[in-house]
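Only this structure's heavy atoms are used, side chains among them; waters, hydrogens and symmetry mates stay out.
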2 protein chains.
Amino acid sequence: MLTELEGAILSEVFYRGRQTAFQVRRSFADSPSLEWKGSAGAVYPAVKRLEQAGLLAASATGDGRSTKLLSVTAAGRVAMLAWACDPERAVSTGIDPLRMRSGIWLQLSEKKRRKVLMDVRDALLQSIASLQTYARKKDTIERASVDLAARLQQVRLAWVDELLGSMPAEP
Amino acid sequence: MLTELEGAILSEVFYRGRQTAFQVRRSFADSPSLEWKGSAGAVYPAVKRLEQAGLLAASATGDGRSTKLLSVTAAGRVAMLAWACDPERAVSTGIDPLRMRSGIWLQLSEKKRRKVLMDVRDALLQSIASLQTYARKKDTIERASVDLAARLQQVRLAWVDELLGSMPAEP
DNA sequence: TTACTCATGTAACAAGTTACATGATTTA
DNA sequence: TAAATCATGTAACTTGTTACATGAGTAA
């Protein structure tokens, strides 16, 4: 079964037309999500795994730069679609750092709670702004996913605002 | 800096009154999120790390079962709060498997897209139902985080419904 | 020619996973 | 007494991270 990174690499090559591992890497690094850093130590071994599994094909260009052009094989396309269309994996909530912490915040003193919530609120606003800026530059495929990310951040923001609203007025 | 698992372990022991590593483990395993399996190979080494860092204290009970009671030290409490209240880490979007796949779905043929979206819709409805069932059994601290999880799933559901709604009517 | 970008890769490490080993206690 | 549960732990493996090494092409 494909890892999330492997699935993402296949879809970058197939739909987004990334040709080299380096371009795939950079597109992860540029993306505003902190999911992956697009680190060489992750991407190159993952590409090698995909090649060995016959899901990616690589061909040298002979440009002196040891550049290899990647393409998704027929088997790779099948594997990618199976990965993308598995509903169980698609709806898992993933690791949500905010959710992990939310219970603790409720236990803090009023003063500390207010400070954390305000800080988180600011960070969320900034995150939403940068997602929207990023979405404007991108193609339809990526815009869909960034839009969803922004919407989810807006729900988190609303949740934080509710908590702030339910607190007694500041002295 | 604490990992997500380490932070979660500290808060389980401190706020939720888990006394043994086994109980911490089980509460992760019982939780509806697929984040962690609460695997022994993750929890016991993490507890050991926290002990060695002076953030958790363990005392044998002498019940013949080699049971060790855990407690959060003063330093552990400080580290836990720093972990919980870091806004940057709290608002990172994490890994959202649905978002990873959403771009691909838009490229599918109408028939396939409709099928995937319907499957995902069903899975989301089930996920929301099980989150709500789970929340009912739990204390305030966990209910807060499960409620948020349910709300985020509802946004994903609304998003899927929008995509379905924007598709041409079935023949 | 110096610095930056393009491009691939490895090494050491971190921190999860599954599967297994071990043994006490409780329950059917 | 057999099976399930409580309880701790290790070993092999997977897959990410950072940091480094290497080298070609390009722009100041």
Expected output: side-chain B/Thr73 to main-chain B/Leu55 donor-acceptor under 3.5 Å
yes

Rounded distance in Å - [atom1] ([X]) to [atom2] ([N]):
{"X": "B/Leu5", "N": "D/dG16", "atom1": "CG", "atom2": "P", "value": "18 Å"}
{"X": "A/Leu56", "N": "C/dT8", "atom1": "CG", "atom2": "P", "value": "12 Å"}
{"X": "B/Leu50", "N": "C/dA14", "atom1": "CG", "atom2": "C1'", "value": "14 Å"}
{"X": "B/Glu51", "N": "D/dT8", "atom1": "CD", "atom2": "P", "value": "10 Å"}
{"X": "B/Gln52", "N": "D/dG9", "atom1": "CD", "atom2": "P", "value": "12 Å"}
{"X": "B/Glu4", "N": "C/dA14", "atom1": "CD", "atom2": "P", "value": "18 Å"}
{"X": "A/Lys37", "N": "C/dA14", "atom1": "NZ", "atom2": "C1'", "value": "13 Å"}
{"X": "B/Tyr44", "N": "D/dA7", "atom1": "OH", "atom2": "P", "value": "9 Å"}

Working to the nearest 0.5 Å, report the span between CE of B/Met100 and CD of A/Glu4.
5.5 Å

Reported CD-to-OG1 distance for the pair B/Gln23 and B/Thr67, which is rounded to 0.5 angstrom:
9.0 Å

Do the charged groups of B/Arg99 and A/Glu142 touch, with an N to O distance under 4.0 Å?
no

Hey, are A/Arg151 and A/Asp147 close enough for a salt bridge, meaning a charged N less than 4.0 Å from a carboxylate O?
no

Between [options], which nucleotide gets closest to the side-chain atoms of [X]?
{"X": "A/Arg26", "options": "D/dG9, D/dA7, C/dC6", "answer": "C/dC6"}
{"X": "A/Trp36", "options": "D/dT8, C/dG16, D/dT17", "answer": "D/dT17"}
{"X": "B/Ala40", "options": "D/dT15, D/dT10, C/dG16", "answer": "D/dT10"}
{"X": "A/Lys68", "options": "C/dG9, C/dA7, D/dT10", "answer": "C/dG9"}

Kindly say if [X] contacts the phosphate of [N], meaning a side-chain N or O under 4.0 Å from OP1 or OP2.
{"X": "A/Lys48", "N": "C/dT10", "result": "yes"}
{"X": "B/Thr3", "N": "C/dG16", "result": "yes"}
{"X": "A/Arg49", "N": "D/dG16", "result": "yes"}

How about [X] and [Y]: do any of their side-chain heavy atoms sit closer than 4.5 Å?
{"X": "A/Gln52", "Y": "A/Lys48", "answer": "yes"}
{"X": "B/Cys85", "Y": "A/Leu108", "answer": "yes"}
{"X": "B/Leu10", "Y": "B/Trp83", "answer": "no"}
{"X": "B/Phe28", "Y": "B/Leu5", "answer": "yes"}

Look at all strands and tell whether [X] reaches a base, only sugar-phosphate, or nothing, counting heavy atoms closer than 4.0 Å.
{"X": "B/Arg25", "answer": "base"}
{"X": "B/Ala46", "answer": "nothing"}
{"X": "A/Ser39", "answer": "base"}

Shorter than 3.5 Å, N or O on both sides, protein versus nucleotides 24-26 of chain C: list them out with atom names.
unit_1 : atom_1 : unit_2  : atom_2 : d
C/dT25 : OP1    : B/Asp63 : O      : 3.3
C/dT25 : O4'    : B/Arg65 : NE     : 3.3
C/dT25 : O4'    : B/Arg65 : NH2    : 2.9

Starting from the 5' end of DNA chain D, give me the residue, B/Ser66 or A/Gly38, whose nearest nucleotide shows up first.
B/Ser66

Would you jot down, in residue-number order, the residues of residues 76-84 of chain A having a non-hydrogen atom under 4.0 Å from DNA chain D?
none

Give the C-alpha distance, both sets of side-chain angles, the deciding distance and a yes or no for side-chain hydrogen bond (donor to acceptor under 3.5 Å, both in side chains) between A/Arg156 and A/Gln153.
CA-CA 5 Å; A/Arg156 295 187 177 98; A/Gln153 291 293 60; 2.7 Å; yes

